[in-house]
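These notes are about the structure you will find just below.
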Amino acid sequence: MAHLYYIHDPMCSWCWGFRPVLEVLMSRLPDNITSSRLLGGLAADSSQPMPDDLRIRLQSTWRKIGKRIPSTRFNFDFWVRNTPRRSTYPACRAVIAARSIDPEMEDSMIVAIQQAYYLQARNPSDDTTLIELAMEIGLNEQQFSKLLNHSSTQQKLDSEIAQSLLLGVRSFPSLVLQHEESYWPVAIDYLNAEPMLELIHNLIDTDF
């Protein structure tokens, strides 16, 4: 058995662009390959407003993604309706909290965060937004709120960040294929799952 790691951050705009192809990739993995997600954590907790130069740079990144992956949509109203902060750890903890309550809800929380951020101009750096999203996908408000900033949730995030670094991951999204003691980076293709599937098949056939 081999294992494919997907390393991401729910507020990573390239991860948002990659999502449709990722879904195809995961649905077509060979039966002898398991998979899991790791949260890489883009930006630690911060209460400071995002500097103007970073706001400009991120909006430019959104436009770049829109050109490279034409099916990707962004709502630029986010930048005028909110006070952005360079803080993605809250969203990462929200994914872990949802997973802790019900493992089947992990992806639902990721989708809810991405859609809130990129389509609905809501700020997933705010706990209030994350609690609203948890309720919208059917999670218990009290249970989720307790877990969101619990020390055990942060410890789990720290552990996943550390594991991502051990896998050699420094950017998101990333894919790493493991078999026994061997680890192989899988180059991301934002438009087509086929090259990644072909590489995975070749690695299994020739190197394992």
Side-chain angles (χ1 to χ4, degrees), residues 5-26 37-96 106-130 132-133 136 157-158 160-162 164-165 167-176 185-196 199:
Y5 290 99
Y6 173 59
I7 303 93
H8 72 110
D9 186 295
M11 292 181 68
C12 158
S13 50
W14 285 103
C15 298
W16 168 239
F18 183 51
R19 181 171 186 86
V21 172
L22 174 68
E23 291 177 349
V24 174
L25 172 67
M26 292 301 185
R37 300 180 183 88
L38 289 174
L39 290 155
L42 269 174
D45 295 304
S46 173
S47 60
Q48 298 301 311
M50 188 180 293
D52 288 343
D53 61 336
L54 182 55
R55 291 170 60 127
I56 293 169
R57 192 158 71 245
L58 288 177
Q59 290 176 71
S60 176
T61 297
W62 287 16
R63 294 187 182 95
K64 180 179 179 181
I65 294 169
K67 290 179 180 179
R68 182 168 175 182
I69 316 168
S71 61
T72 309
R73 293 188 296 135
F74 293 98
N75 184 348
F76 284 83
D77 287 348
F78 172 84
W79 301 100
V80 295
R81 293 182 186 174
N82 300 277
T83 302
R85 307 193 311 280
R86 184 62 170 164
S87 182
T88 72
Y89 278 23
C92 291
R93 286 194 296 269
V95 173
I96 293 171
E106 178 180 16
D107 192 53
S108 296
M109 178 55 74
I110 295 169
V111 174
I113 291 169
Q114 291 177 325
Q115 291 181 342
Y117 184 23
Y118 297 114
L119 301 180
Q120 301 163 8
R122 298 159 71 184
N123 193 350
S125 295
D126 295 337
D127 286 357
T128 52
T129 299
L130 296 168
E132 289 170 0
L133 295 175
E136 288 169 15
L157 175 57
D158 292 339
E160 294 192 23
I161 292 171
S164 300
L165 292 173
L167 289 172
V169 172
R170 299 295 185 273
S171 63
F172 315 117
S174 286
L175 291 165
V176 178
V186 177
I188 298 290
D189 190 312
Y190 289 97
L191 301 176
N192 188 358
E194 288 298 331
M196 295 177 288
L199 175 59

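All values below come from the heavy atoms of this structure, side chains included, with hydrogens, waters and symmetry mates left out.
- Within the model, atoms SG of C15 and CD1 of I7 stand 10.0 Å from one another, a figure rounded to the nearest 0.5 Å.
- Side-chain contact between W16 and L119: present, with at least one pair of heavy atoms (C-beta onward) separated by less than 4.5 Å.
- Proximity of F18 to I69: side-chain heavy atoms (C-beta onward) are nowhere separated by under 4.5 Å.
- Looking only at side-chain heavy atoms (C-beta outward), T72 and W62 stay at 4.5 Å or farther from each other.
- When all heavy atoms are compared, the tightest approach of L199 to A187 is CD2-N, 4.2 Å.
- In this view, P195 and D189, N192 satisfy the side chain to side chain contact (heavy atoms under 4.5 Å, CB included) rule, not counting sequence neighbours.
- Separation of atoms CG (L175) and CD1 (I188) is listed at 3.5 Å; rounding is to 0.5 Å.
- The nearest pair of heavy atoms linking L165 to R170 is O-NH1, 3.2 Å.
- Comment: R93 does not engage D127 in a salt bridge, judged by the lack of any side-chain N to carboxylate O separation of less than 4.0 angstrom.
- Side chains of P124 and P90 form no contact here, defined as non-hydrogen atoms less than 4.5 Å apart.
- Ion pairing between a basic and an acidic side chain is recognised when a charged N comes within 4.0 Å of a carboxylate O; D45 and R85 show no such pairing.
- Contact annotation: the side chain of L38 approaches that of L167 to within less than 4.5 Å [non-hydrogen atoms, C-beta and beyond].
- Checked by atom type and distance alone, the side chain of D126 never pairs as donor or acceptor with a backbone atom of T128 at under 3.5 Å.
- Contact annotation: the side chain of F74 approaches that of I65 to within less than 4.5 Å [non-hydrogen atoms, C-beta and beyond].
- If you take CD1 on I113 and CZ on R122, they are separated by 11.0 Å, rounding to the nearest 0.5 Å.
- Under the salt bridge (Lys or Arg N to Asp or Glu O under 4.0 Å) criterion, the residue pairs touching residues 63-79 are D77-R81, with sequence neighbours excluded.
- Closest non-hydrogen pair, A193 versus V21, comes out as N-CG1, 3.6 Å.
- Between the side chain of S46 and the backbone N or O of S87 there is no donor-acceptor pair closer than 3.5 Å.
- In terms of modelled atom types and a separation under 3.5 Å, the side chain of T83 and the main chain of P49 share no donor-acceptor contact.
- In this structure, SG on C12 lies 11.5 Å from CG on L39, to the nearest 0.5 angstrom.
- R55 contributes a side-chain N or O that, together with a main-chain N or O of W79, makes up a donor-acceptor pair within less than 3.5 Å.
- T129 OG1 to N123 CG: the interatomic distance, rounded to the nearest 0.5 Å, is 6.0 Å.
- Side-chain contact between Q115 and L133 is absent, with no heavy-atom pair separated by less than 4.5 Å.
- In this structure, the side chain of S60 does not engage the main chain of I56 through any donor-acceptor pair within 3.5 Å.
- Expressed to the nearest 0.5 Å, how far CD1 of I110 lies from NE2 of H8 amounts to 4.0 Å.
- Among all heavy-atom pairs drawn from T88 and G41, the shortest one is OG1-C, 4.2 Å.
- With sequence neighbours left out, F78 forms a ring-ring contact (aromatic ring centres under 6.0 Å, His included) with Y117.
- A side-chain donor-acceptor contact under 3.5 Å links D9 to the backbone of L42.
- Of the possible polar contacts, one joining the Y118 side chain to the M11 backbone as a donor-acceptor pair under 3.5 Å is found.
- Not one N or O on the side chain of R37 forms a donor-acceptor pair closer than 3.5 Å with the backbone of Y5.
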